[in-house]
Amino acid sequence: MTTVTTAPAASDQISPARRRLALFALALGGFGIGGSEFVSMGLLPGIAHGLLPDLMASDPETGIARAGIAISAYALGVVVGAPILALLSVRWSRSSMIVALAGALALGTLLSAAMPTFELTVAARFLAGIPHGAYFGVASLLAASLMGPGSQGKGVALALSGLTVANLLGVPVLTAIGQAAGWRAVYLVLTGVFIATVLALRATIPAHEKPIGRRMVDELVALRRVQLWIVMGIAAVGFAGSFAVFSYVSDITTQVTGAPESAVPWVLVAAGLGMTIGNVVGGAGADRSLQRTLMVGFPGFILALVLLFAVAHTNLVALMVAFFLVNLANASLNPAMQTWLIGIARRSEVLGASLNHAAFNVANALGAGLGGAVIAAGFGYRSTMVVALVLAITGFAMVTATLVALRVRARRRLEMLRGTEFTTTGAIEAIDEEDGLEAGADVEAAGDVEAAAETEDGVPARSRAARPVAVG
């Protein structure tokens, strides 16, 4: 049996003041990532005019759609980098890994500012996205450790808080800077944010020991779990709806609503405020009940998209309210999805936490790609909202089907357990826990989805001591 040695909980090692500074340092990196990822959407027309001037002069809609490839390239970098870096990190201490990832983010963002052609900029955006998922994965685990037991959802929300604040304040300000000084200046500012993050992390994060006896193959075990791929599919499809519209927020504001370009930062403020509030609500909800958070959040997201479609063409205030509600509902789901994936991954925590961001950026690439496709086909910017609705409804259907399947499986397993006779020499009937959806998921299906984060071999940690023990 492999033994893994980990550092004591960080919450027991440091003072409250240093804990707050460490959480701030983690969030600062998230702020930089959020700015790097989402400001590209607000600056998309500027990027298109700067790198594709001939195409923009002859066919602006096609130019905008092609410039959206830069957004998809970043998302693809996240998808590729998240699992690979998570696997490579098994021999690294988390404190060393988080600093290295922040340094890689600084380098990728600097290259994004410096590349002279569209093709090289797309390649730089791909490289900039590679550390994204692993950073949030490690940051979520460090934040949960700093918060202490019983606050995993809040820890995840704190790790994501920099991203949400970036959307509330950073992206609108950076968009305004980009409109005044050019989009390259924005990436240079973000490079400075990542350098500051490296310095802050080195000064505040307590040192973690390297895991002893941990192998890459131990992390790969999580990839055998069917439920892991199901939840990633839910995130990839369900969240794609948000990106189908948000990737083109600048053009929706100017072309659909008819507002001036100077109004775009204010729309981004409204969207960022919704994301910030939604992240806090979602983190608290995830600690109470993942299932209720998902079953309330997805319908709310769908209704908000319906409202956006209904009012986007009317006036600026209505557009801002609609984007606020869309991002609030969407962001409330993210801590729940990440906590669910961490629970399914069990011992492969870094991989599970990172894969949520890989799935999130599959959604980014899928949403931006499908939105760009309908725009390029001549259906107009409002058609992206129809695409978003279809994707969100599909994601909700996947969630519902998964929870129903898990509930049915849980009932069958309970019936099997009732029919099993335990003796002093062991159980007469054995149950295979690796067929299909994990036994750990059965707890979720019984109406306690969040208990999966506490399970090992399918048994809730809080009840493990009470279960019958087979001998021999």
Side-chain angles (χ1 to χ4, degrees), residues 37-38 40-77 79 117-119 121-122 125-126 183 233 235-259 261 264 267-268 271 301-302 304-314 318-319 322-323 326-327 330 359-398:
E37 180 176 19
F38 290 102
S40 301
M41 301 169 186
L43 295 177
L44 199 60
I47 293 172
H49 281 289
L51 296 175
L52 301 168
D54 295 338
L55 185 58
M56 288 298 292
S58 60
D59 189 350
E61 289 193 349
T62 301
I64 290 291
R66 188 179 177 198
I69 294 172
I71 297 174
S72 297
Y74 181 92
L76 182 60
V79 174
T117 67
F118 177 72
E119 291 76 16
T121 300
V122 168
R125 295 310 294 153
F126 173 81
W183 60 272
V237 175
F239 290 156
S242 175
F243 289 104
V245 292
F246 203 62
S247 297
Y248 305 98
V249 59
S250 180
D251 291 285
I252 288 172
T253 301
T254 57
Q255 303 299 320
V256 176
T257 308
E261 188 178 24
V264 174
V267 176
L268 294 173
F301 181 39
I302 291 166
L305 287 170
V306 171
L307 177 66
L308 178 65
F309 180 81
V311 305
H313 65 289
T314 59
L319 179 72
F323 263 118
V326 167
N327 277 26
N330 183 65
F360 191 77
N361 280 273
V362 170
N364 189 337
L366 179 64
L370 292 176
V374 294
I375 293 170
F379 292 105
Y381 293 102
R382 201 172 174 213
S383 64
T384 60
M385 303 168 201
V386 177
V387 172
L389 267 171
V390 172
L391 291 168
I393 291 170
T394 303
F396 182 49
M398 293 170 68

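These figures come from a predicted structure and were not determined experimentally.
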Whether S242 side chain and F239 backbone form a donor-acceptor pair below 3.5 Å: no
For V122, the option from I71, L76, I69 that meets side-chain contact (heavy atoms from CB on, under 4.5 Å): I69
Closest approach of V362 to A236 (non-hydrogen atoms, all atoms of both residues): CG1-CB, 3.7 Å
L55 backbone acceptor or donor facing S58 side chain under 3.5 Å: yes
Spacing of CZ belonging to F301 relative to CD1 belonging to I393, to within rounding of 0.5 Å: 10.5 Å
Intermediate values then yes/no, ring pair (Phe, Tyr, Trp, His ring centres under 6.0 Å), F360 and F243: CA-CA 10 Å; F360 191 77; F243 289 104; 5.2 Å; yes
Smallest separation among heavy atoms of S40 and R125, with atom names: OG-NH2, 3.9 Å
Closest non-hydrogen atom pair, E61 against G378: OE1-CA, 4.5 Å
Point-to-point distance, once rounded to the nearest 0.5 Å, from OG1 of T121 to CG of L52: 9.5 Å
Candidate list V374, L389, L308, test side-chain contact (heavy atoms from CB on, under 4.5 Å), partner T384, passing option: V374
Over all atoms of both residues, closest heavy-atom pair of A363 and A235: CB-O, 3.7 Å
Steps toward side chain to side chain contact (heavy atoms under 4.5 Å, CB included) verdict (L366, L391): CA-CA 10 Å; L366 179 64; L391 291 168; 4.3 Å; yes
Considering all heavy atoms, the nearest F309-M385 contact: CA-SD, 3.6 Å
Candidate pair W183 and L51, rule side chain to side chain contact (heavy atoms under 4.5 Å, CB included), full reasoning: CA-CA 11 Å; W183 60 272; L51 296 175; 3.8 Å; yes
Gap between atom CZ of F246 and atom CD1 of I252 - 0.5 Å precision: 10.0 Å
Nearest non-hydrogen partners of H49 and M56, listed with the distance: NE2-CE, 3.4 Å
Expected output: side-chain Y381 to main-chain V249 donor-acceptor under 3.5 Å: no
CD on Q255 to CD1 on I64, rounded to 0.5 Å: 8.5 Å
Side-chain donor or acceptor of T257 paired with backbone N/O of A312 under 3.5 Å: yes
Stepwise side chain to side chain contact (heavy atoms under 4.5 Å, CB included) check, S250 with L44: CA-CA 8 Å; S250 180; L44 199 60; 5.9 Å; no
Derivation and outcome, side chain to side chain contact (heavy atoms under 4.5 Å, CB included), residues D251 and I375: CA-CA 11 Å; D251 291 285; I375 293 170; over 6 Å; no
